[in-house]
Amino acid sequence: MDFTKVDNSFNAWASSSDIFIQREYKGEDVRSADILDINEKKWQLWLVPVNDENACVIHYWDYKKISKHAKVATSELLSELSKIEAIIRAGELT
């Protein structure tokens, strides 16, 4: 999977929020991060670039029941990641 179109925005977002980026899973190239909500419940955010478009799908879930996703243009990725992070941290999805 090619992450070149999303890495700059994802890295900038993670750096500004002091979030660790997971870059490999089972030998595969990935981009994911864990975020804690207000109750310290762990959420995972996972990026999937859309190779034929200038877009990316952001999947985010609580490791249990709640699963959401958003498809965004790569130019809007940084803004959308910040919005999703704020929603998760505020506990608005539980």
Side-chain angles (χ1 to χ4, degrees):
M1 194 160 300
D2 184 12
F3 290 96
T4 56
K5 292 181 182 179
V6 299
D7 269 341
N8 285 343
S9 294
F10 197 52
N11 293 339
W13 165 76
S15 178
S16 70
S17 297
D18 198 27
I19 293 173
F20 174 76
I21 298 174
Q22 182 72 34
R23 297 182 185 280
E24 185 177 317
Y25 180 73
K26 294 186 177 182
E28 297 294 325
D29 200 20
V30 300
R31 297 298 181 272
S32 69
D34 288 334
I35 303 171
L36 296 178
D37 70 13
I38 195 168
N39 301 310
E40 299 201 14
K41 180 178 179 182
K42 186 165 53 168
W43 290 73
Q44 184 177 59
L45 188 141
W46 195 280
L47 289 187
V48 179
V50 179
N51 291 331
D52 296 339
E53 302 173 34
N54 208 7
C56 181
V57 177
I58 307 167
H59 296 280
Y60 49 108
W61 56 84
D62 68 351
Y63 288 93
K64 295 190 181 180
K65 322 183 241 188
I66 302 170
S67 178
K68 304 275 186 184
H69 67 272
K71 184 176 179 181
V72 298
T74 54
S75 61
E76 300 296 320
L77 181 59
L78 183 57
S79 171
E80 190 66 22
L81 287 167
S82 296
K83 288 178 194 174
I84 291 169
E85 178 190 2
I87 290 167
I88 290 171
R89 290 202 188 273
E92 295 178 11
L93 296 173
T94 55

H59 atom NE2, neighbour heavy-atom count above 12 within 6.0 Å: yes
Are K5 and C56 close enough that some pair of their side-chain heavy atoms sits under 4.5 Å apart? no
On a heavy-atom basis, the closest approach of Y63 and K42 is CD1-O, 3.5 Å
Indicate yes or no: at least one non-hydrogen side-chain atom of V57 is less than 4.5 angstrom from one of L47. no
Could you check whether any side-chain heavy atom of K71 comes within less than 4.5 Å of a side-chain heavy atom of E53, counting everything from C-beta outward? yes
Is there a path of hydrophobic side-chain contacts, each under 4.5 Å between heavy atoms of I/L/V/M/F/W/Y residues, joining L36 to I21? no
If you round to the nearest 0.5 Å, how far is CD1 of I84 from CD of E92? 12.5 Å
With a 4.5 Å cut-off on side-chain heavy atoms, are D7 and R23 touching? yes
Please give me the minimum heavy-atom distance between V6 and P49, naming the atom from each residue. CG2-CG, 4.3 Å
Measure the CG-CG distance between N11 and L78 for me, rounded to the nearest 0.5 Å. 10.5 Å
Could you pull out all residues at least two apart from E85 that satisfy side chain to side chain donor-acceptor pair (under 3.5 Å)? W13, S17, R89
Is there a side-chain contact between I87 and Y60, using heavy atoms and a 4.5 Å cut-off? no
Residue pair V30 / E24: nearest heavy atoms and the distance that separates them: CG2-N, 3.6 Å
Can you tell me how far apart CG (D62) and CH2 (W43) are? Round to the nearest 0.5 Å. 4.5 Å
Report the distance from atom CZ of F10 to atom CD1 of I19, rounding to the nearest 0.5 Å. 8.0 Å
Gap separating the OG atom of S82 from the CD atom of E76, nearest 0.5 angstrom: 11.5 Å
Say whether W61 and Y25 are linked into one hydrophobic cluster, either directly or through other cluster members, by side-chain heavy-atom distances under 4.5 angstrom. yes
Evaluate the side-chain proximity of L77 to I58: yes if any heavy-atom separation is below 4.5 Å, no if none is. yes
Strictly distance-based, threshold 3.5 Å: is any side-chain N or O of D2 a donor or acceptor partner for the main-chain N or O of T4? yes
Please round to the nearest 0.5 Å and tell me the distance separating atom CD1 of I38 and atom CD1 of I88. 13.5 Å
